[in-house]
Amino acid sequence: MATNEDYQQAVDLIKKSSSVLITSHTNPDGDSCGCLLVMREVLEALGKKVKSLFLSPAPEWYEFLFDKKVPVLGEDVDLEQLKNGCFGEFDLIVIVDTNSYSQLPKFEQYLKRTETDVLVIDHHVTSDGIGSAELIDCSAAATGLIVFDLLKFAGWSCSKKAAESLFVAIATDTGWFQFGNSDSRAFRCAAELIEAGVKPAEIYRHLYQNSSYPRFKLLIAMLKTLELHLDGRYASQHLLQRDFQQSGAAYEDTEDLINECQRISTVQASSLLVELSDGRIRCSLRSKGRIDVSKIAVKLGGGGHKRAAGARLSVPMDQAKEIILAEMAQQFSRLDGE
Ligand SMILES: [Mn+2]
């Protein structure tokens, strides 16, 4: 839980900085996009020189939030440019929504070499302790809630656009206020953001009624692979590279697809295994609450939360499916034994 001293330390670091780089985890989601944008806007308003950087492209349904493009590492700027200062010289790096090197591919090489102060703002349990100052609150449903508290603590105002970004951060990390983390803090913050001018129905349309047809075809391909195991309590699904080619969908189109099968009453935990272009398997895990999927993810070198976690496996798809099924079986049998 972040203390007042943590908030003060974060404010002091920001105040004494003049040139700031803001980034977040690879495969940016609504929380990372929202927090990155809010921090960029607030720091610019404070007169800082600010550069933002994504480590992979953001899904297109978040584009309505961006009035200027966020460069992508490996596309708009390469690691060498970052290392040799061509992208900019910074006296503060802000990382939102992760504290794990494994979530910062390539960027970690730059991070590990730089002497620059690093401020981490995050709500994940898994932590590599990357920051020289850290605002960590694992009880927060979204990093957006910590950013919201930081703004309040510092007395920094928030424009309507920034309020929208924060709303997206909170709404997406709570599955539009449906997941178990949708607590009164999340609702209270949402209420304040609505009072600041956010229109939830408009945001809902942007986020959830704005799918491209290729993305929908990817959803259909995924659903065709759905298998129920362990008495219908575990749902497994996967996507191969050829599914992306055939549907025309992009990798970032996989966001949220895993949640579909949670609508099945018997399902308590689920996985979506995605074959990456380098042949590795990205494995996303979800739970309705009884199974702690972060235990499986951590064991496999990944991380996350009790209800949402993930890892990457360097094995063929069939083997990855077996590994996850075995881990799930172990978790369920432990639960049955309780
Ligand atoms: Mn988050």
Side-chain angles (χ1 to χ4, degrees), residues 1-2 6 10 22-40 52-59 61-62 65 70 94-105 107 119-131 134-151 162-183 185-190 193 203 207-208 252 254-259 272 282 284-287 289 292-294 297-298 302-311:
M1 188 69 190
D6 295 331
I22 308 176
T23 192
S24 185
H25 55 79
T26 187
N27 307 317
D29 57 14
D31 197 20
S32 45
C33 290
C35 292
L36 180 138
L37 284 173
V38 174
M39 290 306 291
R40 183 172 82 180
S52 48
L53 181 69
F54 275 140
L55 305 187
S56 63
W61 51 93
Y62 297 123
L65 291 173
V70 176
V94 177
I95 300 174
V96 292
D97 204 33
T98 184
N99 199 1
S100 302
Y101 286 116
S102 67
Q103 293 260 74
L104 301 163
F107 189 79
L119 169 63
V120 172
I121 309 177
D122 188 30
H123 67 134
H124 294 90
V125 182
T126 352
S127 160
D128 292 331
I130 293 171
E134 299 189 336
L135 262 184
I136 310 291
D137 180 355
C138 301
S139 70
T143 299
L145 290 167
I146 311 171
V147 170
F148 181 78
D149 285 350
L150 174 66
L151 302 191
E164 245 175 27
S165 299
L166 277 179
F167 192 92
V168 166
I170 296 154
T172 51
D173 258 23
T174 57
W176 200 263
F177 308 98
Q178 293 177 59
F179 300 158
N181 60 0
S182 316
D183 55 9
R185 179 179 174 192
F187 276 100
R188 213 170 278 133
C189 178
L193 296 171
I203 293 191
L207 296 180
Y208 300 108
E252 54 268 27
T254 57
E255 187 182 334
D256 278 340
L257 295 192
I258 187 175
N259 296 323
L272 170 57
R282 187 197 77 184
S284 302
L285 306 170
R286 292 292 181 275
S287 163
D292 181 352
V293 288
S294 73
V298 167
H305 307 279
K306 186 178 180 198
R307 292 163 185 263

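All values derive from a computational prediction rather than experimental measurement. Atoms within each ligand, like the ligands themselves, are counted from 1 in listed order.
Within the structure, salt bridge (Lys or Arg N to Asp or Glu O under 4.0 Å) pairs that include any residue of residues 162-174 comprise Lys161-Glu164 (at least two apart or interchain).
Around the Mn ion (ligand 1), the protein N, O or S atoms found under 2.8 Å comprise Asp31 OD2, Asp97 OD1, His123 NE2, Asp173 OD2.
Among the candidates Ser32, Ser56, Ser102, the single residue satisfying the side chain to side chain donor-acceptor pair (under 3.5 Å) test with Thr26 is Ser56.
Salt bridge status for Asp256 with Arg286: absent, with no side-chain N to carboxylate O gap under 4.0 Å.
Take Tyr208 and apply the ring-ring contact (aromatic ring centres under 6.0 Å, His included) test, not counting sequence neighbours, and it matches Trp176, Tyr204. Considering only residues two or more places apart in sequence or on other chains, Ser24 meets the side-chain hydrogen bond (donor to acceptor under 3.5 Å, both in side chains) condition with none of them.
Contact annotation: the side chain of Tyr62 never approaches that of Glu252 to less than 4.5 Å [non-hydrogen atoms, C-beta and beyond].
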